[in-house]
Each structure stands twice: as C-alpha cells, then as structure tokens.
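Note sheet for the following structure.
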Amino acid sequence: MDHHHTANPSHAATPTCWTVVVPGPFFGGFTYHFDLDAGPAPGVRVRVPFGQSERVAVVIEPASAEGEQETRPILEVLDEAPLLDDRTLACLRWAAAYYHHPLGEVVFAALPKALRGERRLEVEALVSTPAGRAALEVGEAKGERQREALSRLVASAGPAPVAKLGPAAVRRRLVEKGWAEPTRMTAPAEWSVPVEPGSEAAPALNAEQQGAVDAIVSAGEGFRAWLLHGVTGSGKTEVYLALIERELAAGRQVLVVVPEISLTPQLIDRFARRLSVRPAVLHSGLADGERLAAWRAVAAGTAGLVIGTRSAAFVPLARPGLIVVDEEHDAALKQQEGFLYHARDVLVWRARQLAIPILLGSATPSLESLRHAWDGRYGHLRLTERASGATMPAIHCLDVRGQTMVAGLSPALLRAIERHLLAGGQVMLYLNRRGYAPSLVCHACGFVAGCPHCDAFLTWHRQIGRLRCHHCGFEQGVPADCPSCQAPLSVRGMGTEQLEDVLAARFPGFGIVRLDRDATAGKGVMADSLARIARGEARLVVGTQMLVKGHDFPGVTLVGVVNADQALFASDFRGPERFAQSLLQVAGRAGRAERPGEVLVQTHDPEHPVLRRLLSEDYEAVMAAQLVEREQAELPPTRFAGLIRADAPQADAARGFLAGIADQLRERFGDELAVWGPVPAPLARRAGRYRFQLLLLAQVRSTLHRALWAVDDSVGSRRLGGRLRWSIDVDPIDLA
DNA sequence: AGCACGCCGACT
DNA sequence: GTCGGCGTGCTC
Ligand SMILES: [Zn+2]
Ligand SMILES: [Zn+2]
C-alpha cells in the first residue's frame, strides 16, 4: 500500500519471472519478467506486451528465470494486493483442467467485469502529516469542518479516501496548511450493515427440519456434502436460515448459489427480514459497479452472506463457513456456452478444498446427487411434510387417446378447469411451448414452414404477426397461403399464445395471465403478472417452464399438464428424469392447507412406467429405476461422460473431424473407453451450420480425462480446416 | 481471441 | 496501379 511500482532503476534487483494468463484460447500460461524486487504476486493483474499490442493478464505463479525462450517485461502492476487468493486460484486451475478450458478464460470469467480491464482499484486519498496531527492535538484547527475532517483523517491511522473527508474546499485547506498530503489508496471493500436489523422471528422448526439442522451441526466443521431432499413447501429455506444464522454468528461466511436470477429477490427479501445482515448479491442483472462492490466485500470478508447465480461459484471467500446450492437439480447451474462448468460440482470441490460443509437442496434432486446420497458419500436429509401443513396435490393421468381435443385440451380437463374456476380456485396450465402454434402446414401439398438455417419448424407468433425460429432467431412474415401450391395454410400443434386465446374465449371474465419468455420480456411485466395472480385478478395462468421456477401460487387449486408426452418421450437420456422433476415442481406450485390441489396430466401413454411409478410410488422410486436403466445403458451417472461437439458449414468437415478423433481414441483406449458416434446433433443443422457430436464414456474418471487430453494434443498440433469449430463438454447435461 | 502478414478481385 | 477480402500463423 505504500510503494508504487513505477520504474526505479536504482532499485533494480534480481529480475523475477512470472507465469501469467490472458484471455484467449491458450492452454499454457506465458512467462514475463519484472525487474523490480516487489510487485507481482499470484492473483495480481499486470499489463503486459502481447504480440503487437498490450493485454491485461493475471499472475498465476513464479516461474523459473532460465526459460529457453526470451521473456518480455511486465509493464505495470495493476493491483496492490491479489484479487484472487491462492485457494481460489487453485480452484480455477482445477476447473480449467477438469473442464478442458483455457486457464486465462477461466480466471477472467471469475473476475467481475469491472476488473477485467486496466481499471485500478484506487481512489484519491489524503494522509495526515506530523504537522496535521500536532495541529489537531493543540487545537490549532479552528474551523468546525476542518477540525472534523482532520480528526477523522488522523483517526484512520493512514490514508483515508477523500469521499470520507468532507467537501473539496475543506480538504484543500488541510493540504494548503500542510496538515495533510494527497495520495492514492486501494478503495476499501466496505459493506454496510442494514439500517434496520431483520426483525422477523424464526418460526419453530418441525421435527424433520430440526433433524436436518442437528445432523449438519453435529457433524461439526470440515468437509461434508449434504443432500437436502425436501418436497416443495417443506421449508428447506428455514433449514438454510438456521444454518446460516449459526455460521454468521460464528463469524464465518455463507455462499448461497441459485440457478436463476429470478430466484434471488425472494431469497434476499427472506434473508434480510430474518437476519441482521445485508446480503451481498452477485448476478448478471447488476451494474458493473454494484457487482464489483459486492464481489470485493465478499473477497475481503466484510460481507458475511452472499447470494448469487452460477458465476458466484468462483467468488473468493475470506472466511468461508458454509456453501448452499439451492435447486441443485436445475440444469441452469451448468453454463451452456464457452466455459462449460457446473456450479454445483465446482462448489462441491471448493467445499472439500475449504474444508467446510456444503448443502445441496432440492425438491427433486438430480440423479447424480441422489446416487451419492444413497451410497453414503453425501449425508441424506429428507423433508417429507409440507411445513404449512398443506398436503401435496393429488396427481392423476388423463388418457387423451380417442378424445375430442379442443385446443389441445381434453373434455375431462376442460370440465375440471370449469369446476375449479366456479369453486373459486385458480387454474394453471403448463405447456412448454411458446408462440401461437409450433408450425404452419399445408394440408393440400404437405408443405411445412421451416427455418432456412436450421432443421426446425418456424413457430407462428400471432401477436407480432411473424414466423420465428427458436433456434437461430430467424424470422419472417406470415405467408398468406402455401408458397408451393397456394392452398390455405393451417396451424398445427399448440403454443401458449393460442392456449391463452382459447381459454380467454372459453372462460371469459376470469382473467388470464400468460407467463413465458415472450409475454414477460418487458421490464416489470413479470412482477405485474405475478401480482395479478397473487391478487386473484387472474384466475387462469398459462405458461411454460417459467411456471416451474420458484414462484409459488398458493391460490392455484388445479394444475393441468397439457402435453406430458413431449417430455416423456424426449430423445435425451435424461428425458424421464427431467419429466419427473418438472411435473413435481409444477405440481408443488399449487395448493395450500385449506384447499388441497389437484394435478391432471394429459398423455397418450398412461401406462408409461415413469408416469405410473410417479403416481403410485414416489420420486426416489422413479429415480432408483432410472439409475438401473442408466447402469444397463452404461450412461451417466454410472459412467463418466465427455461430449465433443463440432460444427461447420459443410457436414462432411464436422463429421470427418470427429470420425478422425473417434478412430484414434478407439485404437488407443480400446475397451476402457466407449466412443459413440460421430452422430448428428439433435438439431443437425442450426444457424446454417452442420453439427455433429462424439460421446465418450468411461468407467474411470481418469480414463476420460486422459482421452480428452489426447484429443486436445492431437487437435492442437493439427491444421484445422477453415471454419470448423469444436469444443469439449465434460459431464454434458444434455446431448443437444 | 485479436492482430499481423500475404496473396488475388474490382475500384479510382 | 491500389483497397480490401479473409486464409494462416503467432502471441512468453
Ligand atoms: Zn401447399
Ligand atoms: Zn433457425
């Protein structure tokens, strides 16, 4: 904090060499030298010459000076203290290796945007002089405001930021009188306490909740992973709160990670009401400055509680005590672009490294976590009762075979909707397909409106009068009639827009709200819609996946799942798992104590084993059966999977690239490694590119990684033809 | 990733 | 004759 690292040749000592990383596709680091004896350290940003230009880099570790290659100099040290501590750096190095992603990309992804450039964490400051301290002591400072500023400056025992020392005019007098000198300092990472402490009393925990808390507490400090499997409404959050309170009281930090930004406000509210802390929040909705302040407060340890989305998984923790991952089954915890990490898995690794407990909560845990719990590697905590006393809604199948459907709704479902509306209940219809209709077809010649860039149909968005591709963003006007035979076009299939129209016409006067990406795009629309539902102004709710996430609708007494088959027969091997999770999550939104809910599931296959097991047994039974199937099919989580994707403007380029890799791996690894493919990706042509993939499955994690390193090596040293793009996905969440 | 160098089409 | 297209190669 006291020396600046500008050139000072008289001070030149042993040149030190440092390995640094820059963002970009570089698997190794780069070595630079620095001629002063102090300055760079692991986790510090530096400015370095790079090719013809300059870059900001992050120092990783000292390097041996005698490289075979000439080094270039570090031009400037940008931080006085490391931004990333050694343990966080170690985690980032592990993650880069585990996910086969360049370390520079990983390190920079872990920094808040505001720190990815050259911006220094410095502010203007004043520091008191001996004359100033004497002046204060003898009461020489006459002016009220000068005396106040000076005493505050002296009290700070070092430099203080100008922002804390009153107006500029007052500060200038202090300098003019020789009582203070201008300087610069690292802005302190401050985090205020709430104006009014949380006042809400904790409700008494029920026996199961208390049992969960006791189990974790009595396990003591040190690493242990816990799966908290609590049905919707069982009060998982109260368990989190009880544990968070303990940790904060003990002076340790708690990191809470949720899959969706939309889940943060409710959680923040709840925490703020109950705990006398101001949670630091880390998500992409924040301005860069806000996010920087929160990030620094966490890293410095001034903020005790952090709530964040996926990227918060890498925030440095100064005094870690507990990690909580809520909705741990949610696929949104896995990044889907670029650095393909899974926040839950990274956090389990971090918890082990930091030697602290980690709590994974869900009403519908992932098969991965359930398996760890069944095998005893994770503690298994179950909350089976709804804390409110409400019963879980009853789930029934509606066999729609041979039924006359109206807008995708069977007569039985329509009758049920009417019955619940007349009884004063709210009705929620879940249809995971936005738009008016998923396709426009010509019954005369068989034409279907398709995307020119993808193997996909165009969805008709009637409100905006456009046909849209949901995979590449292509859109066009709606043709008046069939482009190939001029016959009139008709709609096929059902989207939320159409469902909303049909229901509004059929049940007028009940008020209807649609919740999907299109309907809630505007700022504040989502909150508005939720409020309309909460006030009971809207008695009908139509929506997609969005209904499944987080928000509770206690007035809802009927949930209709319009098309279960869509998920039940999805081609992905996780289809049945996803289906069970979505169904229970959407069911859990409904009902409260005095009005038990009802869930009706429309399907063409009421005998489907997943469906039957879900109705007659429970979630764990479904998942246990899934595990048997995965074992037989030699799929995750009983095997370790890596997916290599490639795409190119010509199909042969992508397929050939993967075929070459497949041959090499089969030859080298034989029976140790199953190599599936190359096969066309589920959406084989997307945005004008042909997509193929190669799935690798190994019984032993290290085999998978050896194979993936072999791929890195052989591709890295080979000339890649033209516009071929490829990537590695470790632990792929879906094969799409 | 960015940024240079390098070798072929249509512009002043 | 040049301006600029993006193929190819490199960055300590
Ligand atoms: Zn036609
Ligand atoms: Zn498309």
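Sequence lines set the chain letters: A, B, ... in the order given, protein chains first and strands last, and positions in each chain run from 1.
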| query | So does A:Asp455 pair up with A:Arg691, basic N to acidic O under 4.0 Å? | reply | no
| request: Return the residues of residues 23-30 of chain A meeting this criterion: a heavy atom under 4.0 Å from some atom of DNA chain C. Order them by number, or give none. | output: A:Phe26, A:Phe30
| task | Return the set of residues passing side-chain contact (heavy atoms from CB on, under 4.5 Å) with A:Ala331 (not counting sequence neighbours), or none when no residue passes. | result | A:Arg578, A:Ile733
| task | Determine whether the aromatic ring centres of A:His705 and A:His100 lie less than 6.0 Å apart. | result | yes
| Looking across every strand, which nucleic acid part, if any, lies under 4.0 Å from A:Phe50 by heavy atom: base, sugar-phosphate, or nothing? | base
| Listed by chain and number, what are the salt bridge (charged side-chain N to carboxylate O under 4.0 Å, His left out) partners of A:Arg352, not counting sequence neighbours? | none
Between the protein and nucleotides 5-8 of chain B, list every N/O to N/O distance that falls short of 3.5 Å.
none

| field | Length of the line joining A:Glu337:CD and B:dA1:P, which is rounded to integer Å | value | 13 Å
| field | A:Arg434 with A:Asp516: basic N within carboxylate O range, under 4.0 Å | value | no
| Is the closest basic N to carboxylate O distance between A:Asp652 and A:Arg655 below 4.0 Å? | yes
| Which of these, A:Leu340, A:Leu696, A:Leu643, A:Asp712, sits in a side-chain contact (heavy atoms from CB on, under 4.5 Å) with A:Ile728? | A:Asp712
| field | Backbone N/O of A:Pro452 and side chain of A:Arg685: donor-acceptor pair under 3.5 Å | value | yes
| task | Could you label the plane-to-plane angle of the A:His101 and A:Phe339 rings as parallel, tilted or perpendicular, counting under 30° as parallel and over 60° as perpendicular? | result | parallel
| Is atom CZ of A:Arg517 surrounded by more than 12 heavy atoms (other residues, nucleotides or ligands) closer than 6.0 Å? | no
| request: Answer yes when A:Glu368 and A:Arg574 have at least one side-chain N-carboxylate O distance shorter than 4.0 Å, and no when they do not. | output: yes
| field | Pair A:Asp86 + A:Arg93: basic N to acidic O under 4.0 Å | value | no
| field | A:Arg87 backbone acceptor or donor facing A:Gln353 side chain under 3.5 Å | value | yes
| Contact residues, residues 52-61 of chain A to DNA chain B [heavy atom, < 4.0 Å] | A:Gln52, A:Arg55
| note | Per the under-4.0 Å heavy-atom filter, residues of residues 94-111 of chain A near DNA chain C come out as none
